[in-house]
Structure formats: structure tokens, C-alpha cells
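Take a look at the structure set out below.
Sequence positions, counted from 1, serve as the residue numbers for this chain. Atoms within each ligand, like the ligands themselves, are counted from 1 in listed order.
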Amino acid sequence: MRRGGRELAGGVRSGSSAEGVAAVKLHILRCGSMAVAPTVPYGKTGGPGGRLRQLLAAEKDRTELPVFCFLIEHPRGPILVDTGWCRDISPAGVYDPEAVSAVLAARLAAFYRPVLPAGEAVHEQLAALGIRPEDLEAVILTHLDADHVAGLRHLRGAKRVVLPEDEYFWSCRAVYKTRQPQSLWIDVPMERLYYRGSSLGPNRWAIDLFGDESLVLINLPGHTDGQAAVRVRSGERYVLLAADAAFSPRNWREDVVPGFGFSREWQRRCLRWLREREEDPACAAILCSHDPALQPGTLEF
Ligand SMILES: [Zn+2]
């Protein structure tokens, strides 16, 4: 059951902010796509060769998923959450295996099969909105997977680039060395912030970015160790940017654990937590980074 107003396109529920509180505007930016095995968003990876099947899925079996970034018009200035693909993987805006291989190692390139159509790179979309990288108050990275950080190279000059310390620390794991090529982010000066004890999230760890609860990074481990969801608050209401804790509401509504992650137990706990948030009347929307039903556009809440 969902309460608290009519559901709009993309799962956004109508309803107004508390009186006297200016609505928050959030831009949903589609920064390319990836064609992955169907087990990545929904399905098991277990059994012999499970991981390999994800990597080597045949062309015809792949499912195309969007790669979203989010731009928040915050009172302190524009704040970007994640960065999508970089123009280098798709110089002409079409799938270009050679260009992809110049950015991603062979296995990762085969896993993602990324495309970035013309005009969809993050800096191209910011420019269309009249925003330069140096105008960005902050770039928040939910985690270090390539599809979330590749666009960083277009955002030199942003005032802050913020990453949970836990995500940075665990990038030393062998599996992340493959998933999160350091060449995409290691030379970008980042502010690595520690999660602190909190009432929020399945892990009860969060980072209150400005100390006023307007933007809170909430640890949702499972997909990666340090992954953050971002809670954007407007008065009594909030939107939750769930990163890759779920690929669409189907994951938490039908209890289908995504097939790609390091801990299925933590993925399951995160889905349970997201399901509870959906029942919260204050929750205007939960947006996933790769939800095929989510449409680019603007929402105010
Ligand atoms: Zn992702």
C-alpha cells in the first residue's frame, strides 16, 4: 500500500511542502545507458559461472538500462549526485567498442557495453542549463562504480567532490579494482567524509552534509561497501536517491535482490528499508540510478 498522495510518472507522489518552505527542484539527467545481463538488476549470480554469465551475456539477451545523475537546486547552489559516462566512451554518440576499450578494461567494457548519445554527457546537460562545473557547490558520489564516476573528468573546478570514506577505503578490495578503475577518479581531489551514527538507514550510518538535514548521505551497503543513498529534504517531505541499492521499485516490492553486489544479505536489508520508506507519507519518491521507467525531467516537491 502506498499513501500520501497520487503517484506521478517516475513514482513521484504529489503533495506540497510544509507552508513557507520553498519547493526543492530536482533535475533527472539521463547520462547514457548500459546494456547488461538481465541478472544484473533482477536475479541470482550464484552457481557455477554465475559471474561469468553476467560478463559474457549474449547481445540478444542483454537489457538496456539508463544511467541517471541528479541535479539538485539547493539554496547553497547546484549540487550534482553522480556523473554518468564520459564523452570519451562514445565520441560520436553511438556505441564505439574501441573508444570504450580506451577507458574501461576489457572485462568491464564487456560487462557494461555503454553508450552516451550526443548531448547526454553530464557537462553537456549542465551547459544547457547554464551551469558551469565551477558553479557546482558539490558533486556527491554515491559510490565509485565506473558508471557513476566516469563523468568526473568533465567537472574539474566543482567546489567540492564528496565521497563516503568507507567507499574509498574498501576500493582496495580486489573486486573493486576491477569494478572501479582508479584511472577514472584517483586524481580528482575528493573530500572523504565519515559516516556517523544516525537513526537513518539499515546500517544506522549517515553523513549530514550541511548539518541541517537538507542533504543526508545514508549508507546502503550491499551493492558496494560504502554506497550512499542521498536524502533530499524539502520541509517535512523528502526524495530518496537510492543509487544502486535497487534498480527499480520491483526490487523492494517483489523482494528481488539485484544480481550484482558483494553481500546479498545487506542488499536484502537495504530493500527492506526502502520498502519501509515507500510506506512513509513524507517520502515523495525513491529514485534509482538505472530505473528504465524513470523519465528525464524535473520534479519539485
Ligand atoms: Zn550503477
Next item on the list: Could you pull out the closest heavy-atom pair between Leu108 and Pro181, with the gap in Å?
Entry: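 For Leu108 versus Pro181, the nearest heavy atoms are CD2-CD, 3.6 Å.
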Notebook entry, point to check: Looking at side-chain heavy atoms only, is the closest gap between Leu126 and Asp135 below 4.5 Å?
Noted result: no
Note to self: Quick one, His223 and Asp145 - any side-chain contact, counting heavy atoms below 4.5 Å?
What the structure shows: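 His223 vs Asp145: side chains touch.
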N/O/S from [X] sitting under 2.8 Å away from the Zn ion (ligand 1):
X      : value
Asp145 : no
His148 : yes
His223 : no

Next item on the list: On the 0 to 90° scale, with breaks at 30° and 60°, tag the Phe262-Tyr176 ring pair as parallel, tilted or perpendicular.
Entry: perpendicular
Next item on the list: State the atom name: nearest N, O or S atom of Asp244 to the Zn ion (ligand 1).
Entry: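 Within Asp244, restricted to N, O or S, the Zn ion (ligand 1) is closest to atom OD2.
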Note to self: Tell me which N, O or S atom from Asp147 is the closest to the Zn ion (ligand 1).
What the structure shows: OD2
Next item on the list: State plainly whether the residues Arg156 and Asp187 are in salt-bridge range, i.e. N to O under 4.0 Å.
Entry: yes
